[in-house]
Protein chains: 2
Amino acid sequence: MPFEQLKLENQLCHRLYMASNSITRAYREPLAKINLTYPQYIVMMALWEQDQITIAKLIEKTAIDGGALTQILKKMTEKKLLSVVKDKQDQRKRLIQLSTSGQALKLNAADIPKQIHCKFESIDSEKALQLLASLDLVIKDLNEPTQ
Amino acid sequence: MPFEQLKLENQLCHRLYMASNSITRAYREPLAKINLTYPQYIVMMALWEQDQITIAKLIEKTAIDGGALTQILKKMTEKKLLSVVKDKQDQRKRLIQLSTSGQALKLNAADIPKQIHCKFESIDSEKALQLLASLDLVIKDLNEPTQ
DNA sequence: GTATTTTAATTTGCACGCAAAGTATTTGCA
DNA sequence: TGCAAATACTTTGCGTGCAAATTAAAATAC
């Protein structure tokens, strides 16, 4: 029965699509309160961990597309969250610097994970860890250079 | 340590974001061969299962946003994959009808799941089922009306 | 020491995803 | 019957995600 696989219900891809969209939607409202979109929030989390990094490094950490990232950083610069400056050592590279308000925003963002977590009634930490591990496998398999 | 949760590495949301993007990217090339985008493929799968359904029903099955779906169906109509006609019984509703070529495309799409599956070296069927179940919980929790 | 290649980032064009506003129909109800 | 509310879609505006083309600077080759 070669067509069974085309059933939407059985498709990992479709379930991931729905789950990812659901998560982004769930974050939308809390993030709107601190005037961030979801990818912008990802960028902020990366920079709160480590500031003064190049765009290439930021792409590596966030997995956001380079082309998109240029636009996202432009918007975030307009919001005075950060600035993008040329690396003196290598003029091709750009260094990203959080502004004071960009750093300060971390305080306001501190309870966002909690707001989301409280929605998860069916998922305890162990299940979450298991899910993380499974997703890592998916990501790894799909990004292997072999194929 | 209230800020630990802001670490990107520990974020289920970010891992889902990456996994979902990886999957969509993986499908891009195979789907391009049959001239479909990923959401269009989801629509086709839904219609291959059941034709002659309303847009509301299609939204329910695919979880694609209604506004986006209107545009997607317009593009698919231009490609002669389907047509959207008014429901005689209720003129507000629209019925979607696969064209002959839309139905025939199922044959060409039959081996796409296999092309993707062969990329999964770390994920056997049991793991996939477990992952599906976990994602269902995520989706369910996030879409509960009780926040 | 200049030409070629590589690396880093930007730009462009297209297709969504989503909220909010708008447009028809139909239903419910006084 | 007539009119407000509900339903089913469509439109609009913004922010990505992505491939492909472009620009600029550094590394390498010759």
Side-chain angles (χ1 to χ4, degrees), chain A residues 13-14 16-33 35-43 53-60 62-79 84-96 142-143, chain B residues 13-14 16-33 35-43 53-60 62-79 84-96 142-143:
Chain A
C13 68
H14 185 235
L16 267 169
Y17 167 88
M18 288 196 291
S20 178
N21 286 345
S22 295
I23 287 246
T24 308
R25 253 196 318 276
Y27 273 94
R28 188 172 293 264
E29 211 185 295
L31 287 177
K33 287 179 190 157
N35 192 28
L36 287 179
T37 66
Y38 181 68
Q40 287 168 11
Y41 174 61
I42 292 179
V43 168
I53 59 178
T54 63
I55 291 187
K57 181 73 180 171
L58 188 58
I59 289 173
E60 184 195 326
T62 62
I64 294 174
D65 170 71
L69 196 51
T70 298
Q71 309 305 319
I72 291 169
L73 290 175
K74 195 180 289 177
K75 298 231 164 75
M76 295 176 80
T77 302
E78 287 165 10
K79 291 194 229 177
V84 179
V85 299
K86 276 192 181 176
D87 183 337
K88 295 259 166 62
Q89 266 68 54
D90 185 339
Q91 302 265 314
R92 290 171 304 181
K93 297 183 182 173
R94 301 284 181 278
L95 290 174
I96 303 168
L142 292 178
N143 294 300
Chain B
C13 68
H14 186 234
L16 266 170
Y17 166 89
M18 288 195 292
S20 178
N21 287 344
S22 295
I23 287 245
T24 308
R25 252 196 318 277
Y27 273 93
R28 188 172 292 266
E29 212 185 294
L31 287 177
K33 286 180 190 157
N35 192 28
L36 287 179
T37 66
Y38 182 68
Q40 288 169 12
Y41 174 61
I42 292 180
V43 168
I53 59 178
T54 64
I55 291 188
K57 180 74 179 169
L58 188 57
I59 289 173
E60 184 196 325
T62 62
I64 293 175
D65 170 71
L69 196 51
T70 299
Q71 308 306 319
I72 291 168
L73 290 175
K74 196 180 289 178
K75 297 227 168 79
M76 294 176 81
T77 302
E78 286 166 8
K79 290 195 230 179
V84 178
V85 298
K86 277 193 181 173
D87 184 337
K88 296 257 166 65
Q89 266 68 53
D90 185 339
Q91 301 265 314
R92 290 171 304 182
K93 297 184 182 173
R94 300 284 180 278
L95 289 174
I96 303 166
L142 292 178
N143 294 302

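Below, chain A is the first sequence line, B the second, and so on; all start at residue 1. Not measured: the values here are computed from a predicted model.
For the pair Thr24(B) and Val84(B), both in contact range of DNA chain D, the more 5′-proximal nearest nucleotide belongs to Val84(B). Map Lys75(A) and Gln89(A) each onto its nearest nucleotide of DNA chain D; the residue landing nearer the 5' end is Lys75(A).
Proximity of a side-chain donor or acceptor of Lys79(B) to a complementary backbone N or O of Asn35(B) within less than 3.5 Å is detected. With Ser20(B) contributing its side chain and Leu16(B) its backbone, the two residues share no donor-acceptor pair below 3.5 Å.
With a 3.5 Å ceiling on both atom-pair distances, the Watson-Crick or G-U wobble partner of dT12(C) is dA19(D).
Checking the phosphate oxygens (OP1, OP2) of dT16(D), a side-chain nitrogen or oxygen of Thr37(A) falls inside 4.0 Å. A close approach under 4.0 Å does not occur between any side-chain nitrogen or oxygen of Tyr38(B) and OP1 or OP2 of dG17(D). Contact check, Lys74(B) against dT11(D): a side-chain N or O comes under 4.0 Å of OP1 or OP2. For the pair Gln71(A) and dT12(C), the criterion of a side-chain N or O lying under 4.0 Å from OP1 or OP2 is not met.
Put simply, CD1 on Ile64(B) is 15 Å from P on dA15(C), counting in whole angstrom units. Between the C1' atom of dC18(C) and the CG atom of Asn21(A) lies a distance of 9 Å, rounded to the nearest Å. Atom pair His14(A):NE2 and dC16(C):P shows a separation of 14 Å (rounding to whole Å applied). Atom CD1 in Ile59(A) sits roughly 11 Å away from atom C1' in dT10(C) (whole-Å rounding). Separating the CG atom of Leu36(A) from the C1' atom of dC14(D) is a distance of 16 Å, rounded to the nearest angstrom. One atom, CG of Asp87(B), and another, C1' of dT7(D), lie 13 Å apart when rounded to the nearest Å. Note: CG (Leu69(B)) to P (dA8(D)) measures 15 Å, nearest angstrom. In this entry the distance linking OH of Tyr41(A) with C1' of dT16(D) reads 18 Å, nearest Å.
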Could you pull out the protein-nucleic contacts involving nucleotides 3-8 of chain C (nitrogen or oxygen on both sides, under 3.5 Å)?
residue	atom	partner	partner atom	Å
dT7(C)	O2	Arg92(A)	NH1	3.2

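Comparing dT25(C), dT11(D), dC18(C) by their nearest atom to the side chain of Arg28(A) picks out dC18(C). You'll find that the side chain of Gln40(B) is closest to dC16(C), out of dA26(D), dG17(D), dC16(C).
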Verdict with reasoning, Val43(A) to Met76(A), per side-chain contact (heavy atoms from CB on, under 4.5 Å): CA-CA 10 Å; Val43(A) 168; Met76(A) 295 176 80; 3.8 Å; yes
Could you go through Leu58(B) and Leu73(B), starting from their C-alpha distance and side-chain angles, then the distance that decides it, and tell me whether this counts as side-chain contact (heavy atoms from CB on, under 4.5 Å)? CA-CA 11 Å; Leu58(B) 188 57; Leu73(B) 290 175; 4.2 Å; yes
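Using the six-membered ring where Trp is involved, Tyr38(B) and Tyr41(B) have ring planes that are tilted, between 30° and 60° apart.
Residue-level contact check: Asp65(A) touches the bases, meaning some heavy atom is under 4.0 Å from a base atom.
We find the OG1-NZ distance between Thr37(A) and Lys75(A) to be 8.5 Å, quoted to the nearest 0.5 Å.
Between the side chains of Thr54(A) and Asp87(A), no donor-acceptor pair of N or O atoms lies under 3.5 Å.
Under the 4.5 Å side-chain criterion, counting only non-hydrogen atoms from C-beta, Ile96(B) is in contact with Ile55(B).
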